[in-house]
Asker: 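Take this structure, written in structure tokens, and hold onto it; I'll ask about it next.
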2 protein chains.
Amino acid sequence: MPAQPRPSDEERDDTHAISDLEQFVGYNLKRAYVIVQADFRNALGQDSLAPRVFSALSLVVQFPHISQSKLARHLGIERSGLVAIVDELEGLGYLSRDTVPGDRRIQALVPTEKGRQAYAEALATVRAHEKALLADLTKEERRTLISLLRRIRVKGETE
Amino acid sequence: MPAQPRPSDEERDDTHAISDLEQFVGYNLKRAYVIVQADFRNALGQDSLAPRVFSALSLVVQFPHISQSKLARHLGIERSGLVAIVDELEGLGYLSRDTVPGDRRIQALVPTEKGRQAYAEALATVRAHEKALLADLTKEERRTLISLLRRIRVKGETE
DNA sequence: TATTGTTATACTCTATAACTATA
DNA sequence: TATAGTTATAGAGTATAACAATA
């Protein structure tokens, strides 16, 4: 970052000083989240899978026949919000809504072969970009970060 | 694509297993962010200052006479998005838009005494709730977490 | 020409409530 | 009564584009 030319008294930018905000986990979390999310979208391309759609596909591929209710719970969103996501994935031909013999209310989500392949490719792409974005952190630091974040998540889920 | 160990039983809930998602910083970041943000809102009360309004007030109190453009840049949002935030803070009587002698385009944001007091109270409240939410983490772990998040943020800002 | 603050507008994400069909 | 999926709807939060006043 090049210095601003000749800051006068009025124009001097004091805001590089540490502010109260920087001491909050919440503020730093938000700022980091915005950056990582933007990188994610750039990685897959602006009009490809959004983070939440990728997440949904990931769980469907790894846990085939999962119900929408369970999927919503695992993603931490409402059932109603999941409909559009599943619609999108179905529209792309990445999964199908299958009926379940025992309970006709449930629609089991089953990945198609196309969906599995798309997921495998997206997974590799996102992994590579996240690795590049976090290149400043050692492997150990990345593990520590994920571990600390997970403890916050688990704490929040059990409350 | 890793093969699923046991694809058959549809009733069993396999989803407590570690999924690909858990290995991503982005996913853990998002989930932790949602929890901390919800705690923030509960801390101040549902119809009190939203996180971003609190952040704006914080910077105005600590850097009086900051311009809206600079404030927006420091919050990482667009100028246009800041207008509603400043409107809200002005409506609450927490700050005033003051003219600047040298440049009549700029509206310097100056906190009122009421704004300073409200900020001091909110600051204490939010600090206490964040401390309680993160009670599982040691002081050292909290410092580590913030430091790692800040490195992601700084990396993102310089790109 | 460039910058500051502003408005208009649209899009994404999310939640709530109510509906249906099942159980 | 309760649950699964769905629809309608509304509210944040954010971005883009254009504008007037000023530099």
Side-chain angles (χ1 to χ4, degrees), chain A residues 4-5 8 10-11 13 26 30-31 33-35 37-38 40-42 44 46-56 60 65-90 95-109, chain B residues 10-11 13 26-27 30-31 33-35 37-38 40-42 44 46-56 60 65-90 95-109:
Chain A
Q4 293 302 314
S8 74
E10 290 275 342
E11 282 170 358
D13 190 354
K30 156 107 189 242
R31 298 300 297 267
Y33 164 61
V34 167
I35 287 161
Q37 197 200 221
F40 180 103
R41 288 174 193 275
N42 284 335
L44 288 188
Q46 290 301 339
D47 40 350
S48 181
L49 301 182
R52 62 192 199 137
V53 183
F54 172 82
S55 294
V60 170
H65 292 91
I66 189 171
S67 73
Q68 288 189 205
S69 287
K70 268 186 192 162
L71 180 53
R73 222 174 303 129
H74 278 274
L75 289 172
I77 63 176
E78 291 295 316
R79 284 185 342 265
S80 62
L82 191 64
V83 176
I85 298 172
V86 174
D87 283 350
E88 181 177 338
L89 288 171
E90 193 179 38
L95 61 76
S96 62
R97 288 166 153 113
D98 284 14
T99 56
V100 172
D103 189 334
R104 279 191 299 176
R105 291 173 305 182
I106 298 176
Q107 308 223 255
L109 303 177
Chain B
E10 273 151 16
E11 292 298 319
D13 187 357
Y27 176 76
K30 157 109 189 239
R31 297 300 297 267
Y33 164 61
V34 167
I35 287 161
Q37 197 199 220
F40 180 103
R41 288 175 193 275
N42 284 335
L44 288 187
Q46 290 301 341
D47 41 348
S48 182
L49 301 183
R52 61 191 200 142
V53 182
F54 172 83
S55 293
V60 170
H65 292 91
I66 190 172
S67 72
Q68 289 189 202
S69 286
K70 270 187 190 161
L71 180 53
R73 222 174 303 132
H74 279 274
L75 289 173
I77 62 176
E78 290 297 313
R79 283 183 343 263
S80 61
L82 191 64
V83 175
I85 298 173
V86 173
D87 283 350
E88 180 178 337
L89 288 171
E90 193 179 38
L95 60 74
S96 62
R97 288 166 153 112
D98 284 13
T99 56
V100 172
D103 189 335
R104 280 192 298 175
R105 289 174 306 183
I106 298 175
Q107 307 221 257
L109 302 176

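The sequence lines fix the lettering, A, B, ..., with proteins before strands; numbering per chain opens at 1.
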Asker: Which whole-number value in Å describes the distance from Ile85(B) CD1 to dT14(D) P?
Answerer: 7 Å
Asker: For a quick test of reading the model, state the closest non-hydrogen atom pair linking Tyr27(B) to His74(A) and the distance between them.
Answerer: OH-O, 3.5 Å
Asker: Ignoring the backbone of Gln68(B), work out which of dT6(C), dG5(D), dA12(D) is nearest its side chain.
Answerer: dT6(C)
Asker: Map Arg79(A) and Ala50(B) onto DNA chain D by nearest heavy atom, then report which one ends up closer to the 5' terminus.
Answerer: Arg79(A)
Asker: Looking only at the side chain of Arg105(B) (C-beta and beyond, no hydrogens), which of the listed nucleotides dT4(C), dA17(C), dC13(C) gets closest?
Answerer: dT4(C)
Asker: Atom CG of Leu75(B) and atom P of dG5(C): how far apart are they, to the nearest Å?
Answerer: 13 Å
Asker: If you compare every side-chain N and O of Arg52(B) against the phosphate oxygens of dG13(D) (OP1, OP2), does one of them come in below 4.0 Å?
Answerer: yes
Asker: Go through it in stages, so that I can follow the logic: the residues are Gln46(B) and Arg41(B), the test is side-chain contact (heavy atoms from CB on, under 4.5 Å), and I'd like the CA-CA distance, side-chain angles, deciding distance and then a yes or no.
Answerer: CA-CA 6 Å; Gln46(B) 290 301 341; Arg41(B) 288 175 193 275; 4.2 Å; yes
Asker: Using atom CD of Glu90(B) as one end and atom C1' of dT6(C) as the other, report the distance to the nearest whole Å.
Answerer: 13 Å
Asker: If each of Ser67(B) and Arg41(A) is mapped to the nucleotide of DNA chain C with the nearest heavy atom, which maps nearer the 5' terminus, i.e. the 5' end?
Answerer: Ser67(B)
Asker: Looking at the side chain of Asp103(B), which of dT4(C), dT16(C), dA23(D) is the nearest nucleotide?
Answerer: dA23(D)
Asker: Which one, dT6(D), dG13(D), dC13(C), comes nearest to the side chain of Lys30(A)?
Answerer: dG13(D)
Asker: What is the distance, to the nearest angstrom, from the CD1 atom on Ile106(A) to the C1' atom on dT6(D)?
Answerer: 15 Å
Asker: Just the rounded figure in Å: distance from P of dA12(D) to CD of Gln37(B).
Answerer: 13 Å
Asker: Would you say Arg97(A) reaches dT6(D)'s phosphate, i.e. side-chain N/O to OP1/OP2 under 4.0 Å?
Answerer: yes
Asker: Within the structure, does a side-chain N or O atom of Gln107(B) lie under 4.0 Å from either OP1 or OP2 of dT6(C)?
Answerer: yes
Asker: Is any N or O donor-acceptor pair between the side chain of Ser80(A) and the base of dT14(C) shorter than 3.5 Å?
Answerer: no
Asker: Could you tell me if the side chain of Arg97(A) sits less than 4.5 Å from the side chain of Glu90(A), heavy atoms only?
Answerer: yes
Asker: Gly76(A) and Arg31(B): which non-hydrogen atoms are nearest, and at how many Å?
Answerer: CA-NH2, 3.9 Å
Asker: Quick check on DNA chain D: between Gly81(A) and Val53(B), whose nearest nucleotide comes earlier from the 5' end?
Answerer: Gly81(A)
Asker: In whole Å, what is the span from the CD atom of Glu78(A) to the P atom of dC13(C)?
Answerer: 17 Å
Asker: Categorize Arg104(B) for me: base, sugar-phosphate, or nothing, with a 4.0 angstrom heavy-atom threshold over every strand shown.
Answerer: sugar-phosphate
Asker: Only one of Ile85(A), Ile106(A), Leu82(A) passes side chain to side chain contact (heavy atoms under 4.5 Å, CB included) with Gln68(A); say which it is.
Answerer: Leu82(A)
Asker: Can you measure Arg73(A) atom CZ to dT3(D) atom P for me and round it to whole angstrom units?
Answerer: 10 Å
Asker: Side chain of Val83(B): nearest nucleotide among dT6(D), dT7(C), dT16(D)?
Answerer: dT7(C)
Asker: Taking all atoms of both residues into account, what is the closest heavy-atom pair of Leu89(A) and Leu49(A), and its distance?
Answerer: CD2-CD2, 4.4 Å
Asker: Between atom CG in Asp87(A) and atom C1' in dC13(C), what is the gap in whole Å?
Answerer: 16 Å
